[in-house]
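The structure under discussion appears below in the form of structure tokens.
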Amino acid sequence: DQQVKQNSPSLSVQEGRISILNCDYTNSMFDYFLWYKKYPAEGPTFLISISSIKDKNEDGRFTVFLNKSAKHLSLHIVPSQPGDSAVYFCAASVYGTSYGKLTFGQGTILTVHP
Amino acid sequence: DGGITQSPKYLFRKEGQNVTLSCEQNLNHDAMYWYRQDPGQGLRLIYYSQIVNDFQKGDIAEGYSVSREKKESFPLTVTSAQKNPTAFYLCASSASVDTQYFGPGTRLTVL
């Protein structure tokens, strides 16, 4: 049972435009969400997180939006740069339990064209 | 320089052999984790440890074993009982219940 889903395996955007990566979850107990960026043959790098008490969190070019009623979150990257090309994973946890045990989506490959 | 190290980066194993993957962190984090990544899939949790001398099974623990004798170290043994061990293995650590930080990974290939 896939509790966290990223339904788009890949996304291609032009440099300077907005990239929107989506993530859906089914477990209503999840209340903390993270986005990670991963290059091939490397470990994931933490990008940004959001707790369920918020509906938006910004960090530079990255913004995460959370819609609890729809059990949906999205990552916006504006403006997109070629160096953003990587695999993006969303992850979810029940904050404060199981010491931060994360459930990951399958990942979305983002390609930013110059 | 603080961080998480995993060694080796590439590991080859013959069928039927046990192999141990190393994970060390100098971030003073209490919790450590092992994940497995297969092509086209997300990360799946193998084992995690909240504190020294304690660890719990994750979602896919069968065929794996761990130990946590020191705060800094969380080695993973892939045993011969693991039916499909070829994968990319990632170790992570966290100071609290939220953000996990990952090492560079070990690519294990069974010949």
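Computed from a predicted model, the values in this text were never measured in an experiment. Because only heavy atoms are used, hydrogens play no part in the values below, and waters and symmetry mates are left out as well, while side chains stay in. Naming convention: chains lettered A, B, ... in sequence-line order (proteins, then strands); numbering from 1 in each chain.
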### Query
Looking only at side chains, do B:Y33 and B:Q50 share a donor and an acceptor under 3.5 Å apart?
no

### Task
Decide, yes or no, whether a salt bridge links B:R68 with B:D54 under the criterion of side-chain N to carboxylate O below 4.0 Å.
no

### Query
Above 12 or not: heavy atoms from other molecules or residues under 6.0 Å from NZ of B:K71?
yes

### Query
Taking everything shown except A:I18 itself, do over 12 heavy atoms lie less than 6.0 Å from its CD1?
yes

### Query
Within residues 45-78 of chain A, which positions have a heavy-atom distance to chain B below 4.5 Å?
A:F46

### Query
Between B:F55 and B:F74, is the ring centre distance below 6.0 Å?
no

### Query
If you measure only the distance, is there a donor-acceptor pair under 3.5 Å linking the side chains of B:Y89 and B:R107?
no

### Query
Using non-hydrogen atoms only, which part of B:Q37 is less than 4.5 Å away from chain A: side chain, backbone, both, or neither?
side chain

### Query
Just by distance, with hydrogens left out, do A:S19 and A:S80 show a side-chain donor and acceptor under 3.5 Å apart?
yes

#### Entry: Contacting region of B:L45 [heavy-atom separation from chain A under 4.5 Å]
side chain

### Top contributor to chain B interface from A:G43, A:A91, A:G105, A:P44 [non-hydrogen pairs under 4.5 Å]
A:P44

